[in-house]
Amino acid sequence: MIKIPGEKLIWMYKTMLKIRHFEDKIHRLFLEGNMPGTIHLYQGQEAVAAGVCANLERSDVITSTHRPHGHALAKGVAIKSLMAELFARSTGCCGGKGGSMHVGDPDVGMIPAIAIVGGGIPVATGIALAFKFQKSKRVAVSFFGDGACNEGSFHESLNMGAIWNLPVIYVCENNLYGASTSIRVAVKIRDLAERASSYGIPGVVVDGNEAISVYQATSKAVERARGGQGPTLIECKTYRRGGHSRSDACNYRDKEEEKMWLTRDPVVILRERLTKDGILTPEDSKQMEKEIEEELTQAIHFAENSPWPKPEEALEQVWA
Amino acid sequence: MRKLTIAEALREAIAEEMRRDEKVFCIGEDIGIEGGFGGAFTVTLGLSDEFGHERILDTPISELGTTGIAVGAALMGMRPIADLQYGDFIFLAMDQLINNATKLRYMSGGKLKVPMVMRIPVGASLRGAQHAQSVESYLVHAAGLKVVCPSTAYDAKGLLKTAVRDDNPVMVFEHKLLYGAKGRKEGMDARGEVPPEEYLIPFGVAKVVREGGDVTIVATLRMVYEAILAAEELKRASISVEIIDPRTLVPFDWETLFNSLKKTGRLVIVHEDNLTGGWGAEVAARVADEAIDLLDAPIKRVCSYDTPVPFSPPMENFWVPGRERIVKTVKELFSS
Ligand SMILES: Cc1ncc(C[n+]2csc(CCOP(=O)(O)OP(=O)(O)O)c2C)c(N)n1
Ligand SMILES: [Mg+2]
């Protein structure tokens with residue numbers, strides 16, 4: 001086990017707290033009708049985004065999914081520009097062209113999120129191929145859900161990533177459902193990480209609600225990738241605390257299962273661990289929450305007071 | 001008479017066809033899960049109660065495989081109805097559709113047939129570029145696929161039933177903003193009277209939505225409603241509009257269109273999709289080719305711009321052709 005520096009642990013905790021507060025706030029704003037479109041929230045999976053991104057440099061690049069807010073915050077997309085994008089304003093990180101499902105910012109190493117399930121996996125692999133050509137030490141990370149593992153793109157990408165030893169890390173967030181479909185009826189194997197063996201790369205299963213476990217597994221994978229040894233598939237077992245999108249009551253989920261997972265709150269798990277280890281005090285945590293709330297208030301103020309895009313801007317940025 | 005939404009009408013059509021013919025089954029993501037959604041837009045909600053999970057077959061997220069499986073099952077005499085959730089995902093299924101669904105009959109020298117249906121929700125609905133595209137034109141271009149675009153509950157039911165019984169692959173396009181009980185935008189209530197008795201609507205028969213004498217507007221899906229709003233406004237400017245909803249793009253009812261042009265001599269084509277290479281271009285070309293004598297003015301197209309679909313409401317509203325652009329275009333035809 002690698003020893004994780006204290007400031008990394010604090011960073012992960014603060015990032016997870018930020019994601020949780022951000023998503024809770026977005027949920028409310030959305031239900032109040034302040035945001036157009038649809039949303040897929042990330043509460044419950046914060047340890048994955050934070051535990052993975054704590055290992056990355058700003059110059060490393062991630063791809064994300066229809067559920068991207070957590071990845072964006074962890075990779076360092078400015079909270080104001082994220083908020084403004086969700087408010088569909090011209091100051092948003094995609095200028096209002098993207099929306100919730102496509103947030104991202106290439107300046108901090110996040111390709112606009114790709115909402116076609118599995119669509120980001122080959123793109124991340126290609127990014128890694130470029131890094132290899134360029135003899136760079138950068139790595140690519142693809143975040144995707146359990147559902148994406150049944151798309152051809154997953155299989156084709158892992159195979160090519162493997163045969164060319166590309167510096168890419170495949171992070172599967174197995175929250176046990178793809179929309180309403182349970183993983184149990186979507187695959188016959190127990191762990192999706194088993195699939196790595198078909199491609200000759202390491203596949204590891206981690207508790208995705210334990211930021212420290214996610215960090216440890218990613219740290220190894222990043223080292224392998226930077227060292228030219230090729231990809232790793234990391235399966236993070238986790239759970240969404242809310243619905244798939246909009247107002248989904250999750251009637252397809254087993255209530256016992258739900259209860260079990262909801263008691264395993266990743267934010268609480270890390271807080272307790274850090275408190276026990278004397279790295280974090282309850283006052284620190286309170287102070288962080290206060291700062292995050294202030295930042296969020298400012299971001300919302302910024303977004304609400306930002307201009308709408310002009311209609312004709314729809315015609316711009318098609319061609320390079 | 002009772003009124004149904006398009007979602008309800010489609011559900012009823014599926015149920016009737018499944019009762020009539022045990023070869024019919026549904027296949028797709030999230031279509032029959034207990035406690036689930038009944039597909040992305042509730043069309044198959046509750047159907048697994050009557051037909052069980054073998055005939056309302058839930059798949060993993062695997063569009064290419066699912067489409068090819070539908071092709072294979074259809075080759076062996078089954079009649080699959082595949083649900084694609086969003087039109088944008090057709091691109092994942094395209095290999096099976098274009099290389100197999102349309103070609104296996106031809107390549108077998110007519111020995112095989114592929115009687116499958118795909119249900120494909122389309123249209124911009126504030127979800128951003130990857131859940132918004134209207135992809136009809138891609139499939140109109142492929143020889144061997146029938147292309148259906150119902151704009152009302154009545155049409156949806158009758159056309160889907162015909163689609164299931166057709167011996168060819170049929171693509172049924174449904175507009176996301178037209179499914180529900182209430183029009184999500186002004187003038188866009190697609191609920192309508194649907195008789196309880198069985199009926200079928202043949203392919204290749206257009207519907208004259210509104211009769212008029214000065215200009216013919218051809219439109220499908222959501223654009224039918226925008227055309228109706230435009231026609232109301234143009235009426236106040238003493239321009240009488242005839243609206244034709246072709247209902248099926250392949251086969252296309254040229255006769256109804258040409259008959260209308262005999263009256264009006266002017267043609268405006270409206271579609272919610274890029275201008276370039278859209279099905280409107282084909283209609284314009286055919287009319288120019290075969291009926292140019294009927295025209296008193298240039299053919300006009302009111303289409304989306306040649307860009308991906310933008311997210312933010314002001315841009316999306318601008319991108320989707322609406323009443324104002326239709327009115328303006330029609331008026332220009334009369335200004336000289
Ligand atoms: C190619 C494709 N098929 C279907 C969808 C519709 N869809 C959006 S999210 C989703 C479920 C994805 O499940 P998973 O990959 O497990 O991610 P999660 O939502 O659980 O984060 C589906 C089916 C899509 N966006 N893209
Ligand atoms: Mg999932």
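Chain naming here is simple, since letters A, B, ... match the order of the sequence lines and numbering starts at 1 in each. Values below: all heavy atoms of this structure, side chains included; hydrogens, waters and symmetry mates excluded.
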**Study point:** Proximity breakdown for B:Asn317 and chain A, heavy-atom pairs closer than 4.5 Å
**Key:**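 Contact with chain A is absent: no heavy atom of B:Asn317 under 4.5 Å.
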
Check your understanding: Can you say whether B:Glu63 sits under 4.5 Å from chain A via the side chain, the backbone, both, or neither, judging by heavy atoms?
Key ->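 Looking at B:Glu63, backbone and side chain both touch chain A.
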
Exercise for review: Flag the pair B:Arg323 and B:Glu226 as a salt bridge only when some basic side-chain nitrogen lies within less than 4.0 angstrom of an acidic carboxylate oxygen.
Suggested key: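 Looking at B:Arg323 and B:Glu226, the cut-off is not met.
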
Check your understanding: So, A:Glu257 and A:Lys259, do they make that salt bridge, N to O below 4.0 Å?
Key ->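 Here A:Glu257 does not pair with A:Lys259 in a salt bridge, since their nearest N and O are not under 4.0 Å apart.
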
Review point. Do you know which of A:Glu316, A:Arg253, A:Lys97, A:Gln317 has the most heavy-atom pairs with chain B at a distance under 4.5 angstrom?
Key: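 Result: the option with the highest number of such pairs is A:Lys97.
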
**Study point:** Most contacts with chain B, counted as non-hydrogen pairs under 4.5 angstrom, among A:Lys310, A:Glu313, A:Glu151
**Key:**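 It is A:Glu151.
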
**Study point:** chain A contact residues among residues 34-53 of chain B, heavy-atom distance under 4.5 Å
**Key:**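 The residues closer than 4.5 Å to chain A, in numerical order, are B:Glu34, B:Gly35, B:Gly36, B:Phe37.
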
Check your understanding: What part of A:Glu312 is in contact with chain B, defined as an atom under 4.5 angstrom from a non-hydrogen atom: side chain, backbone, both or neither?
Key ->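 For A:Glu312, backbone and side chain are both near chain B.
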
Short side-chain to backbone donor-acceptor contact, [X] and [Y], under 3.5 Å:
| X | Y | value |
| --- | --- | --- |
| A:Arg195 | A:Leu233 | no |
| B:Thr5 | B:Glu8 | yes |
| A:Lys75 | A:Asp105 | no |
| A:Ser90 | A:Pro309 | no |
| B:Arg55 | B:Cys26 | no |
| B:Ser137 | B:Trp279 | yes |

Point to revise | Summary of side-chain hydrogen bond (donor to acceptor under 3.5 Å, both in side chains) pairs that have at least one residue in residues 82-96 of chain B, sequence neighbours excluded | key: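 For residues 82-96 of chain B, and leaving out neighbouring residues, the side-chain hydrogen bond (donor to acceptor under 3.5 Å, both in side chains) pairs sorted by first residue read B:Asp30-B:Gln85, B:Asp83-B:Arg119, B:Tyr86-B:Arg127, B:Asp95-B:Asn99, B:Gln96-B:Asn100.
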
N/O donor-acceptor pairs under 3.5 Å from side chains in residues 79-89 of chain A, not counting sequence neighbours:
from	atom 1	to	atom 2	distance (Å)
A:Ser81	OG	A:Ala78	O	3.0
A:Glu85	OE1	A:Cys93	N	3.4
A:Glu85	OE1	A:Cys94	N	2.8
A:Glu85	OE1	A:Gly95	N	3.2
A:Glu85	OE1	A:Gly96	N	3.0
A:Glu85	OE2	A:Gly96	N	3.4
A:Glu85	OE2	A:Gly98	N	3.0
A:Glu85	OE2	A:Gly99	N	2.8
A:Arg89	NE	A:Phe87	O	3.1
A:Arg89	NH1	A:Glu304	O	3.2
A:Arg89	NH1	A:Ser306	O	2.9

Exercise for review: May I ask you to name which of B:Phe318, B:Phe89, B:Phe91 has the most heavy-atom pairs under 4.5 Å with chain A?
Suggested key: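 Top option by heavy-atom pairs under 4.5 Å: B:Phe318.
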
Check your understanding: Would A:Glu173 and A:Tyr42 count as a side chain to side chain donor-acceptor pair (under 3.5 Å) if you check the C-alpha gap in whole Å, the side-chain angles of each, and the deciding distance to 0.1 Å?
Key -> CA-CA 11 Å; A:Glu173 299 187 59; A:Tyr42 196 68; 2.8 Å; yes

Exercise for review: Indicate the ring-plane relationship of A:His71 and A:Phe143, choosing parallel, tilted or perpendicular according to the 30° and 60° boundaries.
Suggested key: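 Parallel.
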
Point to revise | Residue-level contacts of residues 174-191 of chain A with chain B, using a heavy-atom cutoff under 4.5 Å | key: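 From residues 174-191 of chain A, the residues near chain B are A:Gly178, A:Ala179, A:Ser180, A:Thr181, A:Ala186.
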
